[in-house]
K.L.:
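The structure follows.
Note that the structure is predicted; figures quoted are calculated from it, not measured.
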Amino acid sequence: MIRSELIVKISEENPHLFQRDVERIVNTIFEEIVTAMARGDRVELRGFGAFSVKQRDARTGRNPRTGKSVEVDEKHVPFFKTGKLLRDRLNGEE
């Protein structure tokens, strides 16, 4: 599902809301998640999962095309851990 499909789905399930308002709400939620993660904060949505940022240390990697060693800088990457409710639903254990 992409963002626009999510907006349409929420709009259909909530006919009392205008689609432009639903779009603003969805965009605000995503923007707040991104902003919190950029600060290094953890974002937890109970039953769904938790977004966090993990640090990857600098290392020596290998260019797969040439086989030469290359230095890879330290970086921060997003990490998502599923919540118990989501994990159970995916495994058919409602």
Side-chain angles (χ1 to χ4, degrees):
M1 176 179 282
I2 59 175
R3 185 185 304 225
S4 59
E5 292 172 339
L6 177 62
I7 292 167
V8 169
K9 179 94 168 138
I10 293 172
S11 295
E12 288 173 353
E13 291 181 7
N14 297 280
H16 61 284
L17 296 174
F18 292 112
Q19 185 165 340
R20 67 178 181 271
D21 293 335
V22 172
E23 184 174 355
R24 191 175 307 136
I25 291 166
V26 169
N27 288 337
T28 300
I29 291 169
F30 288 150
E31 186 60 37
E32 286 302 314
I33 291 172
V34 169
T35 302
M37 290 179 67
R39 286 191 312 259
D41 295 342
R42 182 173 184 265
V43 178
E44 183 177 337
L45 303 172
R46 295 276 176 173
F48 182 70
F51 298 92
S52 60
V53 178
K54 295 215 175 202
Q55 180 177 341
R56 293 217 177 132
D57 294 332
R59 61 184 171 83
T60 302
R62 186 180 63 83
N63 182 333
R65 188 171 291 175
T66 64
K68 291 185 177 180
S69 294
V70 292
E71 293 301 316
V72 179
D73 294 334
E74 163 187 292
K75 60 184 168 183
H76 296 86
V77 293
F79 179 75
F80 177 75
K81 182 176 180 185
T82 58
K84 183 175 179 352
L85 180 63
L86 176 59
R87 205 169 31 251
D88 289 347
R89 295 230 11 220
L90 290 175
N91 291 312
E93 302 169 12
E94 293 186 47

K.L.:
Between CD1 of Ile33 and OG1 of Thr28, what distance do you get to the nearest 0.5 Å?
P.N.:
11.0 Å
K.L.:
To the nearest 0.5 Å, how far apart are CZ in Arg46 and CG in Leu86?
P.N.:
15.0 Å
K.L.:
So how far is it from Arg42 CZ to Lys81 NZ, rounded to the nearest 0.5 Å?
P.N.:
8.0 Å
K.L.:
So, for Ser52 and Met37, which heavy atoms are closest and what is the spacing to 0.1 Å?
P.N.:
O-CE, 3.4 Å
K.L.:
Distance-only, no hydrogens or angles: does the Asn14 side chain make a donor-acceptor pair with backbone N or O of His16 under 3.5 Å?
P.N.:
no
K.L.:
Would a hydrophobic clustering, with Ile, Leu, Val, Met, Phe, Trp and Tyr connected at side-chain separations under 4.5 Å, put Val22 with Val8?
P.N.:
no
K.L.:
Please report the shortest heavy-atom distance between Val26 and Ile10, naming the atom on each side.
P.N.:
CG2-CD1, 3.9 Å
K.L.:
Any ion pair linking Glu5 and Lys9 (charged N to carboxylate O, less than 4.0 Å)?
P.N.:
no
K.L.:
Going from CD1 on Ile29 to CD1 on Ile25, what distance comes out if it is rounded to the nearest 0.5 angstrom?
P.N.:
7.0 Å
K.L.:
Count I, L, V, M, F, W, Y as connected when their side-chain heavy atoms are under 4.5 Å apart, and connections chain through other members. Are Leu17 and Phe30 then in the same cluster?
P.N.:
yes
K.L.:
For Ser69 versus Thr60, what's the shortest heavy-atom pair and its separation?
P.N.:
CB-CG2, 4.0 Å
K.L.:
Looking only at side-chain N and O atoms, does Arg87 offer a donor or acceptor that is under 3.5 Å from a partner on Thr82?
P.N.:
yes
K.L.:
Going only through I, L, V, M, F, W and Y residues with side-chain contacts under 4.5 Å, is there a path from Val77 to Val43?
P.N.:
no
K.L.:
Assigning hydrophobic clusters by single linkage (Ile, Leu, Val, Met, Phe, Trp, Tyr; side-chain heavy-atom cutoff under 4.5 Å), is Phe80 placed with Leu45?
P.N.:
yes
K.L.:
Using every non-hydrogen atom in the two residues, find where Leu85 and Gly47 come nearest and quote the distance to one decimal.
P.N.:
CB-O, 3.3 Å
K.L.:
Tell me which one of Arg59, Gln55, Arg56 satisfies side chain to side chain donor-acceptor pair (under 3.5 Å) with Glu74.
P.N.:
Gln55
K.L.:
For Arg62 and Gly67, which heavy atoms make the closest approach, and how far apart are they?
P.N.:
CG-O, 3.6 Å
